[in-house]
Chemist: 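I'd like to ask you about the structure that follows.
Computation of the quantities below employed the complete heavy-atom set of this structure, encompassing side-chain atoms and omitting hydrogens, waters and symmetry-equivalent molecules.
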Amino acid sequence: MRPAPPRELWRHAIAATVRLILAAASLACKENEVEIPATDPLGLEGAIWIDVTLTPESGAPGAEVRVDARVFGPNDLTLDLDVPGLVSIPMTRVGAEGGQQVYTATAVARSTLGLQTFGVRGFTSGVNVLGYASYDATKQGPCAAGELREAGRCVPRSNGHALEATGYALISLGHPAGVDPEDKDIRSMLHPRQLVRIGNATVGCHSDHIGMVWLGDYLQAGTLQAAIDGTLADLDQFSKDDGVTPRTETVFTDIDPDLGFCENFAYAPQDDAGLTGLGAGFVGVGVTSHGGSGSKKGGLAVWAIPNADAPKCSACDARFDAPKLLHLYADDIGYAGVVFDGDILYAAREPSSLAVFRVEPDGALSPLAEIVVPELRSVWKVALSKREDGQKVLFISDPSPPRDDVVVTVTEGPEGLDHLGVEHHERAGRLFSVDVTEPAAPVTLGWGPTQGATKGIAVLPNDVVAVANGSAGIELMDVSDPVEPTSVWIEDTPGTASNVSYANGYLTVADWDNVRLYDVGERGVLRLIDSTDMGLFAELFATLQSMPGPEGSNAPSSDSGGETGDPGPAFLPTLAIGFVHLDADGTFYASDLDRIFFGKIAPGARAPRLLLQDGRKQVRTEIGAATDTIPINVVNGSTSPTWVRMDVISGAKAASSLILPPGGSGVFEVKVDTPPGGAPISQLSFSTAGPYPSSRTVRLEVIQGQFNVGDVAPHMALPAINWCEAGEDCDLEARCVDLYEAPWRDRPFLMAVFTSW
C-alpha cells in the first residue's frame, strides 16, 4: 500500500495535533483497568488524550495565566497543574463538553524570560496522565489575534513546520561504494564542509576540492514524493548506480599534490573587495583554509568564483566554469577559520595566532600583521563584530581548556546577568576577542570561559555571540565588555552542536543528527522553534526503492542503489551535520558526511516534530531466540507537544505510546523476537503527530553471534604511528601493520578514530 500524499498526511495530522497526549502506564491488574472512550479518535495503546490551552500564550514574566484542559476519559480524574519550577496547583472540573471533561486552573508564570512548559498530570485507577503546553515569557509586547511573536516581530500563524529541508545533493566522488580496488586513481573523498550560495549554485570547501553545485541539480523532496505517488513519468534519475550529483570542481591535488584537505571557506563579492583584476566571467573570490598534518601542507588558497546565474549546459556534468586558483599561500602549519571584511582577510593560524591579509585586486594575499594570542591553544572558527561605536572585534573559538595555572576572578556580568559562578580554569572551552579596528595593528583583548568544546560562533545583534559547544549544546555570551565575554544562556541540545549561523532574528544550529532553529529576537534569550533531522529524504528513498519495479512501471527496481527496501549507501540517515549557513532570505544550507541539504524557514509554523535519534540499531540474535531489549531514543524537536507510538509489527513489542513535551525526550524499550525457522525483522516503524512525514523507520542490522574475550581477531591491516622498537626512539611516520605478520602477532593494539567535527 502506498503512503498518502503530503496533503492527506497533513489532513490526518491536524486531527492528531489538536490534542496533547495523556500517557497511561501499562496496567498490572484487570480490576484497575480504565477503558479508553470510543470518542478518542486515535486510540493509541495505553494513552488518553487531552487538549491543554493557555490564556494568554505569551506575555510578561510573572504574569497570571489561565490553563484549561479537556480530557477524553472518566469524570473522576484528579488533575494537577505543574507550574515550571514553582508549585503544583489542583485543577477544578467545571463540566463536560463534546464528550470531554473540562478542567481549569490559574497560575503565575515564572519571572524568567523564555519558553516555560506547563504540565498537567494526574493519577486515577492505576493510570498516570500527562499533558503539556508552552508559555512564552517575553518583555516584548503582545501580537494581534492570529499572530505570534517570532524573531522580534509579529508573524501570522501558519500550518506545517518552521524548518523544512526540501533539496538534497550527494557530494560523492569516485566509485559509489567509496573505493574501487581496480582503479587507484578514483577518488573516494566525500565530506562537504563549509559553503555559501552564490547566484544559482552552492560553492564551498568539499574536503579535497572546491566545488560548485547548480541548485537545479539538487533533488527535491516533492519530486521524490511524486515518484512514489506515480505522477512522475521520468524516473531515469533514480536508476543511476551512483546517484552522484553533477558538479563543477577543482581538485587540490591537481594544484599541489602536497596540499591538505580544506576545512573552511569564506567568500567576498568582487565589488565589496575591490577586485578589479579577476577578469570577465568571475563574480568574487573565495578562500579555502587548509590545516597542515603529517606530509600535507597547510595554507590559504584564493579562488576566482565564476558567474553562477545559469548553467552553461543543462545536460553536461560541468555546469559552470571551474573556480580558478589565484594565489596559494602555503606553509607547514596551516589555518583554520577565515572571514572577510571588504578587502581584508582574517585567518586563524594554527595553533594560536591571528593573521591579517589584504586581498590585492588580482586576488593575491599581502600579509599585514600576525600576532600570537596569549593563552589561545587551539584555533577553530572566527567571526567579526562591528560595534555601534566603530570598534571592530574579531572573536576566535578555542575548544580546548586553559592551562591549569590560569585562574581569573569571576565577576558579575554586564547588566547584572549572572556569570554562572565558575572559575575560568574549570571550564571546557573559551571565546577569545581581538580588537581589529586597525587591521594592520590588531590588539588582543581577553577571553571568556564557555560551557563546552567551543567550535562554531555567530555574532548576534546587541553585543551577543552564540557559540556551539559540542555535546554541551549552545551558549549565548554577552560581549558588551569584549575583554571578558560572559555567559548569559546555556541550552542543552540532543546532539553535538558544531556550528551556528544567524540572520534576521533566527539562529540555526548544526547539531550532528539534526538542524535546530531558534528565535533570538530577544537579547540573551534562546527560544526553540523547530528542528529537523533531514530524515525525510531517507524515508522517501526507502519507500521509493522498496516499491516493485516491473518492466514498464514507474518505480525503480532493486538494482537502483541497494536491495529492495534498502535506501542504499547514498541515502542513509543523517549522521554528522557539522555545518549550517542561514541566508538573509531564510534559506538555509547544511552538510553532513557526503550530502548537502537546503531548505527554507516558514515563519509562524508550529507543527510538532519527532526527531528519531536512532536511525539504525544492531540486534544480536540467534535464529529462534529472543534478543535483548533495545532502546530507541526519540526527541520532540518543536515547541508543540507531540506523541509517538511504535506500529504493530510481528516480532517486535514496545511499551505504551509516549507523550513528549516541547523539547522533551523519551525512550522506547523494544523487544525483538526471531520466530523459529523465520528471518529476523529488518525495521521498526514509528508513527507520530507531526504532519510530514507522519511515520519514521528504524533499520535493524541483525548480527548472529558476537566476539567474546579470547576469540581470535579477524585478519586486518591498520595504519599505525608511534611504533617503537626496543631500544629505539618512537617516530610519527605512518606505516601499515598487518596483524598476521610475525612482528605484530599476539601484540595488543589501540584503534583510534578521529573526526574534525
Chemist: Tell me, do V285 and I305 make a side-chain contact under 4.5 Å, heavy atoms counted?
Modeler: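 Of all side-chain heavy-atom pairs linking I305 with V285, none is under 4.5 Å.
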Chemist: Tell me which one of Y218, Y168, F588 satisfies ring-ring contact (aromatic ring centres under 6.0 Å, His included) with F598.
Modeler: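 The option that passes is Y218.
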Chemist: Take Y267 and V203, measure what side chain to side chain contact (heavy atoms under 4.5 Å, CB included) needs, and give me the verdict at the end.
Modeler: CA-CA 9 Å; Y267 174 73; V203 185; over 6 Å; no
Chemist: Please answer whether the main-chain N or O of G260 pairs with a side-chain N or O of H290 as donor and acceptor at a distance below 3.5 Å.
Modeler: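 Such a contact is found between H290 side chain and G260 backbone.
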Chemist: Nearest 0.5 Å, please: how far is CG in L476 from CG in L526?
Modeler: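 If I round to the nearest 0.5 Å, the distance is 4.0 Å.
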Chemist: Where is the tightest heavy-atom contact between L365 and H327, given as atom of each residue plus distance?
Modeler: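 Answer, listing the atom of L365 first, then H327: N-CD2, 3.5 Å.
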Chemist: What pair of heavy atoms forms the shortest contact from V283 to P306, and how long is it?
Modeler: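 What the structure gives for the nearest pair is CG2-O, 3.8 Å.
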Chemist: With a 3.5 Å distance limit and no angle check, can you tell me whether Q613 reaches the backbone of P494 through a side-chain donor-acceptor pair?
Modeler: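 Yes; judged by distance alone, with no hydrogens or angles, the pair exists.
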Chemist: Output yes when a side-chain donor or acceptor of N264 lies under 3.5 Å from a complementary backbone atom of S289, and no otherwise.
Modeler: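 Checking the backbone N and O of S289 against the side chain of N264, no donor-acceptor pair under 3.5 Å is found.
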Chemist: Do any N or O atoms from the side chain of T248 and from the backbone of D321 form a donor-acceptor pair under 3.5 angstrom?
Modeler: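 Checking the backbone N and O of D321 against the side chain of T248, no donor-acceptor pair under 3.5 Å is found.
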Chemist: Apply side chain to side chain donor-acceptor pair (under 3.5 Å) to T450 and E475, showing your working.
Modeler: CA-CA 7 Å; T450 58; E475 192 166 7; 4.8 Å; no
Chemist: I'd like to know if D331 pairs up with R349 as an ion pair, taking the criterion as any Lys NZ or Arg NE/NH1/NH2 lying under 4.0 Å from an Asp or Glu carboxylate oxygen.
Modeler: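 Salt bridge: yes.
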Chemist: Tell me if a side-chain donor or acceptor on D592 pairs with a main-chain N or O of R595 at a distance below 3.5 Å.
Modeler: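 Such a contact is found between D592 side chain and R595 backbone.
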Chemist: Can you find a heavy atom in the side chain of H581 that is under 4.5 Å from one in the side chain of T202?
Modeler: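 Result no, sub-4.5 Å side-chain heavy-atom pair not found.
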Chemist: Just by distance, do the side chain of E150 and the backbone of G604 share a donor-acceptor pair under 3.5 Å?
Modeler: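 Yes; at least one donor-acceptor contact below 3.5 Å.
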Chemist: Do the side chains of K296 and F261 get nearer than 4.5 Å, heavy atoms only?
Modeler: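 F261 does not reach K296 side chain to side chain.
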Chemist: Given the rule in the side chain to side chain contact (heavy atoms under 4.5 Å, CB included) test, do Q194 and N499 qualify, once you have shown the distances and angles that lead to the verdict?
Modeler: CA-CA 10 Å; Q194 190 166 339; N499 194 252; 5.9 Å; no
Chemist: Minimum heavy-atom separation for P691 to P608, with atom names?
Modeler: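 Heavy atoms only, the tightest pair is CD-O, 3.8 Å.
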Chemist: So, N636 side chain and L610 main chain: donor-acceptor pair closer than 3.5 Å or not?
Modeler: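 A pair under 3.5 Å: no.
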Chemist: Go through the steps for D530 and L528 under the test side chain to side chain contact (heavy atoms under 4.5 Å, CB included), then give the verdict.
Modeler: CA-CA 6 Å; D530 195 13; L528 176 66; over 6 Å; no
Chemist: Quick one about R516 and T508 (side-chain donor to acceptor, distance below 3.5 Å, no hydrogens or angles considered), yes or no?
Modeler: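 On atom types as modelled, these side chains do not qualify, holding no pair under 3.5 Å.
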Chemist: Can you tell me how far CG of D511 sits from CD1 of I577, rounded to the nearest 0.5 angstrom?
Modeler: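 Those atoms lie 8.5 Å apart.
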Chemist: Could you state the interatomic distance from CG (L326) to CG (L278), rounded to the nearest 0.5 Å?
Modeler: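 Here the interatomic distance stands at 6.0 Å.
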Chemist: Report the C-alpha separation of L582 and Y506 in whole Å, then their side-chain angles, then the decisive distance to 0.1 Å, and conclude whether the side chain to side chain contact (heavy atoms under 4.5 Å, CB included) test is met.
Modeler: CA-CA 9 Å; L582 179 62; Y506 295 103; 3.8 Å; yes
Chemist: Step by step, work out the salt bridge (charged side-chain N to carboxylate O under 4.0 Å, His left out) result for D533 and R609.
Modeler: CA-CA 10 Å; D533 61 1; R609 171 84 77 172; over 6 Å; no
Chemist: Drop me the distance from I210's CD1 to L195's CG, to the nearest 0.5 angstrom.
Modeler: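 Nearest 0.5 Å value for the CD1-CG distance: 11.0 Å.
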Chemist: Nearest heavy-atom pair of S433 and V393: which atoms, and what distance?
Modeler: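 Answer, listing the atom of S433 first, then V393: CB-CG1, 3.9 Å.
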Chemist: Tell me if a side-chain donor or acceptor on T454 pairs with a main-chain N or O of N469 at a distance below 3.5 Å.
Modeler: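 Not a single qualifying donor-acceptor pair exists.
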Chemist: Working note: F340 + Y346, criterion ring pair (Phe, Tyr, Trp, His ring centres under 6.0 Å); need CA distance, chi angles, decisive distance, verdict.
Modeler: CA-CA 6 Å; F340 273 106; Y346 298 98; 9.6 Å; no
Chemist: May I ask you to decide whether R153 forms a salt bridge with D519, counting only side-chain N to carboxylate O separations under 4.0 Å?
Modeler: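 No, R153 and D519 are not salt-bridged.
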Chemist: Evaluate the side-chain proximity of L300 to L345: yes if any heavy-atom separation is below 4.5 Å, no if none is.
Modeler: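 They are in side-chain contact.
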Chemist: Can you confirm whether V479 sits close enough to V464 that some side-chain heavy atom of one is under 4.5 Å from a side-chain heavy atom of the other?
Modeler: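 No - every pair of side-chain heavy atoms lies 4.5 Å or more apart.
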Chemist: Indicate the ring-plane relationship of W303 and F252, choosing parallel, tilted or perpendicular according to the 30° and 60° boundaries.
Modeler: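 Aromatic pair W303/F252 classed tilted.
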Chemist: To the nearest 0.5 Å, what is the distance between NE2 (H209) and SG (C262)?
Modeler: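 Spacing of NE2 (H209) from SG (C262) equals 8.5 Å.
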Chemist: So, do I344 and R358 sit near enough that their side-chain heavy atoms are less than 4.5 Å apart?
Modeler: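 Side-chain contact under 4.5 Å: yes.
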Chemist: Is the closest side-chain heavy-atom distance between I601 and L163 below 4.5 Å?
Modeler: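 Side chain of I601 against side chain of L163, heavy atoms only: contact under 4.5 Å found.
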Chemist: Do the charged groups of R527 and E522 touch, with an N to O distance under 4.0 Å?
Modeler: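 Judged by the 4.0 Å cut-off on N to carboxylate O distance, R527 and E522 do form a salt bridge.
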Chemist: In this structure, are over 12 heavy atoms from other groups packed under 6.0 Å from K324 atom NZ?
Modeler: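 Result for NZ/K324: open.
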Chemist: Give the minimum heavy-atom separation between A201 and L215, together with the two atoms involved.
Modeler: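 Reported closest heavy-atom pair: N-CG, 4.0 Å.
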Chemist: Less than 4.5 Å apart, any side-chain heavy atom of N307 and any of F282?
Modeler: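 Not touching, per the 4.5 Å side-chain cut-off.
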Chemist: Donor-acceptor check, side chain of D492 to backbone of G473, threshold 3.5 angstrom: yes or no?
Modeler: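 No; judged by distance alone, with no hydrogens or angles, the pair does not exist.
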Chemist: Could you check whether T437 and Q391, counting side-chain N and O atoms only, form a donor-acceptor pair closer than 3.5 Å?
Modeler: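 Side-chain D/A pair, Q391 to T437: absent.
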Chemist: What is the minimum heavy-atom distance between Y502 and V459, and which atoms define it?
Modeler: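 Smallest heavy-atom distance, with atoms named: CD2-O, 3.8 Å.
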Chemist: Give a yes or no answer on whether the side chain of S531 reaches the backbone of V515 with a donor-acceptor pair at less than 3.5 Å.
Modeler: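 Checked: no pair found.
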Chemist: At what distance, to the nearest 0.5 angstrom, does OG1 of T288 lie from OH of Y335?
Modeler: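 Rounded to the nearest 0.5 Å, the OG1-OH separation comes out at 12.5 Å.
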